[in-house]
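Input: a single structure, listed below in structure tokens.
Start at 1 with the first residue, then count along the sequence.
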Amino acid sequence: MWRQARTSPSSPPTALTARGYAALAASWFGQEARLESVTWDRFRAATAAEHADASWEHLSRSHVFSIDKARRLLGYAHRYTAEETVLDAVRWLVERDEVEVAGPIVG
């Protein structure tokens, strides 16, 4: 099992773009993300319709939420950053052979 890193309740939450997540995920495997920016039309033409539709649904919406009200009314403080949460999920998937990876997680 891996050690879960915890953040200080006072450390600010982070927001990453899709490019930021790609760079972060690549770093977990000792790699650099090799991305090419393309137009939506080009992406859609090169991608299966169901995957392109799912990508559009995800990328066209804002997935940034505020915890200000919970912090103010309940004294809520996050324990984990978005990055830690995603890494935890990726490790879980790798350990259970739910995703195939070329090498071990190094991050």
Side-chain angles (χ1 to χ4, degrees):
M1 196 72 172
W2 62 89
R3 188 173 74 92
Q4 179 71 43
R6 292 183 179 227
T7 60
S8 158
S10 62
S11 53
T14 57
L16 290 173
T17 62
R19 184 174 291 278
Y21 268 118
L24 183 64
S27 75
W28 296 333
F29 297 94
Q31 303 290 317
E32 287 188 26
R34 294 180 299 272
L35 304 173
E36 175 187 355
S37 293
V38 297
T39 65
W40 178 252
D41 290 335
R42 182 170 164 202
F43 175 81
R44 186 150 182 86
T47 306
E50 67 181 297
H51 300 304
D53 291 343
S55 295
W56 178 257
E57 290 299 316
H58 177 74
L59 295 171
S60 65
R61 292 184 168 91
S62 173
H63 296 279
V64 178
F65 303 95
S66 172
I67 62 169
D68 289 341
K69 188 173 183 180
R71 182 180 290 130
R72 188 177 68 251
L73 297 177
L74 305 172
Y76 173 80
H78 65 274
R79 287 189 180 169
Y80 308 100
T81 65
E83 296 91 333
E84 290 166 334
T85 303
V86 174
L87 176 56
D88 189 41
V90 169
R91 282 188 171 135
W92 188 92
L93 291 167
V94 169
E95 288 176 355
R96 286 157 183 77
D97 294 323
E98 296 289 330
V99 294
E100 187 176 321
V101 295
I105 294 175
V106 296

Check [X] against [Y] and note the closest heavy-atom contact, atom names and distance.
X	Y	answer
Ala82	Tyr21	CB-OH, 3.4 Å
Gly30	Val106	N-CG2, 3.2 Å
Ser27	Leu24	OG-O, 2.5 Å
Glu83	Trp28	O-CZ2, 3.8 Å
Arg79	Glu84	O-OE1, 4.2 Å
Leu35	Ala22	CD1-CB, 3.8 Å

Just jot down the salt bridge (Lys or Arg N to Asp or Glu O under 4.0 Å) partners of Arg44, sequence neighbours excluded, or say none.
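For Arg44 the salt bridge (Lys or Arg N to Asp or Glu O under 4.0 Å) partners, ignoring immediate neighbours, are Asp53.
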Not counting sequence neighbours, which residues clear salt bridge (Lys or Arg N to Asp or Glu O under 4.0 Å) with Asp97? List them please.
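Checked Asp97 against salt bridge (Lys or Arg N to Asp or Glu O under 4.0 Å); zero matches.
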Please enumerate all residues that pass side chain to side chain contact (heavy atoms under 4.5 Å, CB included) together with [X], with sequence neighbours excluded.
X	answer
Ala18	Leu59
Glu36	Val38, Arg42
Ala26	Gln31, Ala33
Trp56	Trp40, Ser60

[X]: side-chain hydrogen bond (donor to acceptor under 3.5 Å, both in side chains) partners, not counting sequence neighbours:
X	value
Thr39	none
Arg61	Glu57
Asp41	none

How is the hydrophobic cluster of Leu73 composed, in terms of its other members, when Ile, Leu, Val, Met, Phe, Trp and Tyr link through side-chain heavy atoms under 4.5 Å apart, directly or indirectly?
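Members besides Leu73, by chain and number: Leu74.
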Under 4.5 Å between any side-chain heavy atoms of Phe29 and Val90, yes or no?
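Contact flag for Phe29/Val90 side chains = yes.
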